[in-house]
Amino acid sequence: MRLERPALLCLAAAWSWSWSWSWSPVISSAHMWTKLILTHHWPVTFCSVEHCRANFSYWTLHGLWPDKGIDCNSSWHFNSSLIEDLLPDMERSWPDLLQPSSARFWKYEWFKHGTCAAQASSLNTQHKYFSKALELYHKVDLDGTLKKFGIRPSEEQYSLSQIEGVIENFYGTTPKIQCVHPKDADRQVLGQIEICFSPDFTLLDCERRGTRGEPSEGGVKPLLSVGGASEFSVCDHDLPVYYPPVS
């Protein structure tokens, strides 16, 4: 599958308006985070490991993670009534794949990451945090971008460079792409893609470092071994990538 770089660059330039923002957060601490990680996961891969049912045929939101801090304020309780206007979009874009009718996942993301993101004035309420995550998710439109350039779920396999190339050329930034590495398999399974932002919400390169078994940025624990599958970790450039279709 051949990707035409000039065409990608032209489209990226045409979309450059999308990344203009009119405000900046106030840094409230010397230990303030320096990067936000917008993390998407592919439901088919997630559910193949966690034994759930993948009812979504598009990339869903996993979270918006500051690169510093975990559980920064355990007394700041999650209250779903404060994001009532966001709930229809949350259910579509940021679903709990394990317990679809529950707010458990959002509560977890708020405690673990939202209370740390709240060091910035632009994210210092529950509503600001969740609405900004949804805004960035829709603005990035990772699912639409991959499809636009021919990266679709398929029984065919891709090279990691093909997938990275689409993202790097279109957004002008380096992603972090993670896979599941089935035991003794000669391919890896595409599972998670991180797109990074600076504190003023401009695109920023993610750190594309580490090897198999390295946990994701943002202090998130990788998926544990289930049914012979290894951890959900940084993809290997030397293995083909399987992007599994919805059954």
Side-chain angles (χ1 to χ4, degrees), residues 5 8-9 11-42 59-70 72 93-94 109 112-124 128-146 148-149 151 160-161 163-179 190-211 214-220 222 232-235 237:
R5 185 179 180 90
L8 293 176
L9 291 173
L11 278 169
W15 278 45
S16 61
W17 62 270
S18 297
W19 308 107
S20 298
W21 305 94
S22 58
W23 66 89
S24 297
V26 175
I27 307 304
S28 59
S29 167
H31 302 291
M32 170 72 181
W33 47 266
T34 58
K35 182 187 298 181
L36 283 170
I37 304 156
L38 184 72
T39 307
H40 310 72
H41 53 194
W42 180 236
W59 287 80
T60 59
L61 187 56
H62 188 169
L64 183 65
W65 306 334
D67 64 343
K68 294 179 184 177
I70 296 175
C72 293
S93 306
W94 201 339
E109 289 295 308
K112 189 165 188 176
H113 302 293
T115 57
C116 300
Q119 288 179 298
S121 62
S122 57
L123 299 171
N124 65 2
K128 286 180 182 180
Y129 171 72
F130 285 107
S131 63
K132 176 54 70 174
L134 290 169
E135 178 187 333
L136 294 175
Y137 168 80
H138 290 301
K139 208 141 185 112
V140 166
D141 187 21
L142 177 66
D143 191 78
T145 299
L146 291 176
K148 185 188 295 288
F149 296 108
I151 305 295
L160 181 58
S161 295
I163 300 169
E164 284 181 335
V166 164
I167 295 172
E168 290 175 353
N169 283 292
F170 187 74
Y171 300 110
T173 191
T174 302
K176 185 173 183 179
I177 304 177
Q178 295 176 310
C179 294
L190 184 61
Q192 186 158 277
I193 297 178
E194 298 175 359
I195 305 289
C196 297
F197 294 85
S198 64
D200 65 354
F201 308 115
T202 56
L203 283 164
L204 191 68
D205 286 343
C206 295
E207 290 184 36
R208 192 171 57 194
R209 56 183 168 79
T211 56
E214 181 201 52
S216 170
E217 290 187 75
V220 174
F232 203 47
S233 56
V234 177
C235 298
H237 269 276

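This one's a predicted model, so the numbers in the text were calculated from it and none came from an experiment.
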Should [X] and [Y] count as side-chain neighbours, where that means a heavy-atom distance under 4.5 Å?
X	Y	value
Thr34	Lys68	yes
Tyr171	Val140	yes
Thr39	Leu64	no
Leu190	Ile163	yes
Cys116	Pro66	yes
Asp67	Trp33	yes
His113	Tyr129	yes

Say whether, by atom type as modelled, one donor and one acceptor occur between the side chain of [X] and the main chain of [Y] under 3.5 angstrom.
X	Y	answer
Asn124	Ala120	no
Ser198	Leu204	no
Thr145	Asp141	yes

Mind checking the [atom1]-[atom2] spacing from [X] to [Y]? Nearest 0.5 Å is all I need.
X	Y	atom1	atom2	value
Glu207	Lys176	CD	NZ	7.5 Å
Leu38	Cys196	CG	SG	9.0 Å
Leu123	Leu36	CG	CG	6.0 Å
Trp59	Gln192	CH2	CD	8.0 Å
Ile167	Glu194	CD1	CD	11.0 Å
Ile177	His40	CD1	NE2	11.5 Å

On the ring face of Phe201, is Lys132 found with NZ or CZ under 6.0 Å from the centre and within 45° of the axis?
yes

Would you name the heavy atoms of Pro175 and Cys206 that are closest together and state the gap between them?
C-CB, 4.0 Å

Whether His41 and His62 hold their rings parallel, tilted or perpendicular, with breakpoints at 30° and 60°
parallel

With side-chain hydrogen bond (donor to acceptor under 3.5 Å, both in side chains) as the criterion, how do Glu109 and Trp65 come out once you've worked through the C-alpha distance, each side chain's angles and the decisive distance to 0.1 Å?
CA-CA 9 Å; Glu109 289 295 308; Trp65 306 334; 3.0 Å; yes

Apply side chain to side chain contact (heavy atoms under 4.5 Å, CB included) to Ser93 and list each qualifying residue two or more places apart in sequence or on a separate chain.
Asp89, Leu134, Tyr137, His138

Given Leu203 and Phe197, is the side chain to side chain contact (heavy atoms under 4.5 Å, CB included) satisfied, shown in steps?
CA-CA 4 Å; Leu203 283 164; Phe197 294 85; 3.7 Å; yes

